[in-house]
Amino acid sequence: ATERTLSIIKPDAVAKNAIGDIIARIEKAGLKVVAAKMVHLSEEKAGGFYAEHKERPFFKDLVGFMTSGPVVVQVLEGEGAIAKNRDLMGATNPKEAAPGTIRADFAETIDANAVHGSDSPESAEREINYFFGNDEICPR
Ligand code: CMP
């Protein structure tokens, strides 16, 4: 089915000038960008986004990293968009990411891992609504 998923190009990948390379991979895989913006997240906005990880030992570092520079937030649309985007990204830990995936090619550490992608239809819906109003999404 046609799905939507939330993608974040994280501060490490933005700092590396890899925005275009990453979006090219997304588009070549057949996904469409239907919303996009660049933002420098506040601690509150980043912490709210990752609220499910609040009790995890890496939460503080994660929020610190995600607020360390601007990110590019996008809504991607397409057939099986959630799984397709996760295949493109590779494993969360870049050391375990398959060759040719975004994290294998652009990421350094589990925190600075280049991209985020929603992991289920429920989280996709929550994450998209967390960043975008309906009038900011352009179906096509
Ligand atoms: P992301 O997909 O954005 O979701 C949560 C993030 O926490 C994850 O990518 C990693 O960048 C970061 N993180 C840091 N340590 C861990 C860990 N041990 N397990 C999972 N995620 C971690």
Side-chain angles (χ1 to χ4, degrees):
T2 299
E3 290 176 336
R4 286 179 180 172
T5 188
L6 187 88
S7 160
I8 303 179
I9 303 177
K10 297 189 180 186
D12 57 321
V14 172
K16 273 185 186 160
N17 248 5
I19 298 170
D21 285 339
I22 291 171
I23 296 177
R25 290 182 185 211
I26 289 167
E27 291 193 326
K28 280 187 186 122
L31 295 175
K32 290 177 178 170
V33 177
V34 296
K37 60 184 159 194
M38 187 173 221
V39 281
H40 195 141
L41 298 176
S42 66
E43 234 178 270
E44 190 189 358
K45 188 81 177 175
F49 181 73
Y50 284 121
E52 63 178 307
H53 296 306
K54 214 167 181 96
E55 305 307 325
R56 308 281 291 272
F58 57 82
F59 180 75
K60 199 165 178 285
D61 285 349
L62 174 61
V63 171
F65 174 67
M66 290 300 288
T67 56
S68 67
V71 299
V72 175
V73 190
Q74 302 179 93
V75 179
L76 310 178
E77 187 177 86
E79 186 67 27
I82 296 167
K84 208 174 253 185
N85 184 43
R86 289 182 74 84
D87 286 348
L88 290 175
M89 292 194 299
T92 304
N93 186 344
K95 292 181 180 73
E96 291 159 13
T101 60
I102 292 169
R103 284 166 171 159
D105 291 342
F106 297 105
E108 308 299 338
T109 67
I110 196 163
D111 280 310
N113 66 349
V115 281
H116 167 85
S118 307
D119 64 4
S120 68
E122 294 71 32
S123 60
E125 175 157 13
R126 181 188 82 82
E127 292 176 2
I128 289 168
N129 291 329
Y130 190 77
F131 280 108
F132 293 97
N134 252 336
D135 60 343
E136 294 178 292
I137 301 176
C138 306
R140 60 195 183 87

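Atoms within each ligand, like the ligands themselves, are counted from 1 in listed order. Every heavy atom of this structure was used, including side-chain atoms; hydrogens, water molecules and symmetry mates were not.
- Protein heavy atom nearest atom 21 (N) of ligand 1, with residue, atom name and distance: Phe58 CZ, 3.8 Å.
- Ring geometry, Phe58 versus His53: the interplanar angle falls from 30° to 60°, so the pair is classed tilted.
- At least one heavy atom of Arg103 sits less than 4.0 Å from an atom of ligand 1.
- Between Gln74 and Ile26, the closest heavy-atom pair is NE2-CD1, 4.2 Å.
- Counted within 6.0 Å of NZ on Lys16, heavy atoms from surrounding residues, nucleotides or ligands total more than 12; the atom is thus considered enclosed.
- Atom 6 (C) of ligand 1 has its nearest heavy-atom neighbour, among Ile8, Asp119, Leu62, in Leu62.
- Counting atoms of ligand 1 from 1 in the listed order, those under 4.0 Å from a heavy atom of His53 are 5 (C).
- What sits closest to atom 1 (P) of ligand 1 on the protein, heavy atoms only, is His116 ND1, 3.4 Å.
- Contacts with ligand 1 closer than 4.0 Å are made by heavy atoms of both the backbone and the side chain of Asp111.
- Not a single heavy atom of Phe65 sits less than 4.0 Å from an atom of ligand 1.
- Around CD of Glu136, the count of heavy atoms belonging to other residues, nucleotides or ligands within 6.0 Å exceeds 12.
- Taking the charged nitrogens against the carboxylate oxygens, Asp105 and Arg25 do have a contact shorter than 4.0 Å, which makes a salt bridge.
- Cation-pi geometry between Lys37 and Phe131 is not met at under 6.0 angstrom from the ring centre and within 45 degrees of the axis.
- For atom 4 (O) of ligand 1, the closest non-hydrogen atom of the protein is Tyr50 CE2, 3.5 Å.
- Atom 11 (O) of ligand 1 has Ile110 O, 2.5 Å as its closest protein atom, hydrogens excluded (heavy atom only).
- Within the listing of ligand 1, atoms 1 (P), 3 (O), 9 (O), 11 (O) sit less than 4.0 angstrom from a heavy atom of Lys10.
- Under a hydrophobic clustering in which Ile, Leu, Val, Met, Phe, Trp and Tyr are joined whenever their side-chain heavy atoms come within less than 4.5 Å, directly or via other members, Leu76 and Phe132 fall into different clusters.
- Ligand 1 has no nitrogen or oxygen under 3.5 angstrom from a nitrogen or oxygen of Thr92.
- Linking Ile, Leu, Val, Met, Phe, Trp and Tyr residues whenever their side-chain heavy atoms come within less than 4.5 Å leaves Leu31 and Ile137 in two separate clusters.
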